[in-house]
Amino acid sequence: MPENKGTIGAAEHVAIIMDGNGRWAKARGKPRLYGHRAGAKRVRDIVEACPQLGVKYLTVFAFSTENWKRTQTEVAGLMRLFKKYILSEAKRLVDAGVRVRFIGDRLRLEPRLVQLMDELEKMTSENTLVNLTVAINYGGRDEVARASRRMAQDVAKGKLNPDKVNEQTLARYLDTYVLPDPDLVIRTSGEARISNFLLWQSAYAEYEFVKTLWPDFKVRDFQEIVSIFGSRKRRFGGLLAS
């Protein structure tokens, strides 16, 4: 658990549930994939705004383990969009100093997409200005289950003493083991739920649920939310010194 600092300052790590693409498209008489394409462009704007706001880590929820339940047409279109995004944005991300990571279970993803993900991670591995993490085929419960399975395998191999297992031990097996926990989680579109996103990591995060649909979520909206966060005092279950 984080130290009880009671700090007032920038959100170092912001996570975003990018919701509302489908409704945005429907309101314009367009197919859902039209909204997803608009949403992908919005990611670029938010990433570019991070340095001036003191946000060093940005994690975005692109595709959940539950999203496979959507129509085959939409899922296939999203997978094409992910590949197109990587190909079109790779040079821009490298030049902008953005390091890209992907979290989630890659086993169900098509090999070509996984190859592109691996290549982009390698291409940006030396960048340090902004750390962009994209969650694809990700679910919080699935992540904890996979982490627990890997931890159990190490116990079985004698690499890990079960009596020594604690919160910090499990955290090292999560997809996000190299990232700090999010300080702030934003969900767009007016829905007030966390949808299985970063369940373990966001135990002490601040949440903001905004009505704006993701393609309409502007940099100024992002700036305002981050600014509001900076005025909060975080106790992490304790009490602040008077």
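We count residues from 1, following the sequence as given.
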If I take atom [atom1] from residue [X] and atom [atom2] from residue [Y], how far apart are they, to the nearest 0.5 angstrom?
X	Y	atom1	atom2	answer
Leu120	Ser125	CG	OG	10.0 Å
Phe217	Met18	CZ	CE	11.5 Å
Asn131	Lys56	CG	NZ	7.5 Å
Asp142	Glu66	CG	CD	8.5 Å
Thr212	Asp19	OG1	CG	12.0 Å
Tyr138	Thr65	OH	OG1	9.0 Å

Are more than 12 heavy atoms, taken from residues, nucleotides or ligands other than [X], located less than 6.0 Å from that residue's [atom1] atom?
X	atom1	value
Gln52	CD	yes
Arg141	CZ	no
Lys83	NZ	yes
Glu191	CD	yes

Closest non-hydrogen atom pair, [X] against [Y]:
X	Y	result
Ala25	Pro31	CB-O, 3.2 Å
Thr73	Leu33	O-CD1, 4.1 Å
Val47	Pro51	O-CD, 3.6 Å
Leu109	Trp68	CD2-CZ2, 4.0 Å
Glu206	Phe229	CG-CE1, 3.6 Å
Tyr177	Ala171	CB-O, 3.6 Å

**OP:** For Tyr173 and Leu160, run side chain to side chain contact (heavy atoms under 4.5 Å, CB included): C-alpha distance rounded to whole Å, both residues' side-chain angles, the deciding distance at 0.1 Å, then the answer.
**Re:** CA-CA 12 Å; Tyr173 288 85; Leu160 180 65; 3.8 Å; yes
Heavy-atom side-chain proximity of [X] to [Y] below 4.5 angstrom:
X	Y	value
Pro182	Leu198	yes
Arg70	Arg32	yes
Val144	Leu199	no
Asp118	Lys122	no
Thr59	Gln201	no
Val185	Ile194	no
Val75	Phe63	yes

Answer yes if [X] and [Y] sit in the same cluster of Ile, Leu, Val, Met, Phe, Trp and Tyr residues linked by side chain heavy atoms under 4.5 Å apart, and no otherwise.
X	Y	result
Leu116	Val98	yes
Leu179	Leu184	no
Leu113	Leu93	yes
Leu78	Leu213	no
Leu174	Val165	yes

[Y]/[X] salt bridge by N-O under 4.0 Å criterion:
X	Y	value
Asp175	Arg146	yes
Glu110	Arg112	no
Asp221	Lys218	no
Arg92	Glu89	yes

**OP:** Determine the interplanar angle of the Tyr57 and His13 rings, folded into 0 to 90°, and report it as parallel if under 30°, tilted if 30 to 60°, perpendicular if over 60°.
**Re:** tilted
Original post:
Which class fits the ring pair Tyr34 and Trp24: parallel under 30°, tilted 30 to 60°, perpendicular over 60°?
Top reply: parallel
Original post:
Taking atom types as modelled and ignoring hydrogens, do the side chains of Ser195 and Arg187 form a donor-acceptor contact shorter than 3.5 angstrom?
Top reply: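 Side chains of Ser195 and Arg187: pair found under 3.5 Å.
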Backbone N/O of [Y] and side chain of [X]: donor-acceptor pair under 3.5 Å:
X	Y	value
Ser227	Gln223	no
Glu121	Phe102	yes
Asn196	Gly140	yes
Ser64	Gly139	no
Asn137	Arg106	no
Thr71	Glu74	yes

From the options [options], select the one residue that forms a side chain to side chain contact (heavy atoms under 4.5 Å, CB included) with [X].
X	options	answer
Ile186	Phe209, Phe222, Trp214	Phe222
Asn166	Leu170, Asp163, Thr169	Thr169
Ile46	Leu58, Leu132, Val55	Leu58

Subject >> side chain to side chain contact (heavy atoms under 4.5 Å, CB included) between Arg37 and Lys30, intermediate numbers included >> reply: CA-CA 11 Å; Arg37 286 192 289 270; Lys30 301 288 187 179; over 6 Å; no
Subject >> Derivation of the side chain to side chain contact (heavy atoms under 4.5 Å, CB included) call for Lys211 and Ser189 >> reply: CA-CA 5 Å; Lys211 294 182 179 180; Ser189 88; over 6 Å; no
Original post:
Given the rule in the side chain to side chain contact (heavy atoms under 4.5 Å, CB included) test, do Tyr85 and Val43 qualify, once you have shown the distances and angles that lead to the verdict?
Top reply: CA-CA 10 Å; Tyr85 180 86; Val43 173; 3.7 Å; yes
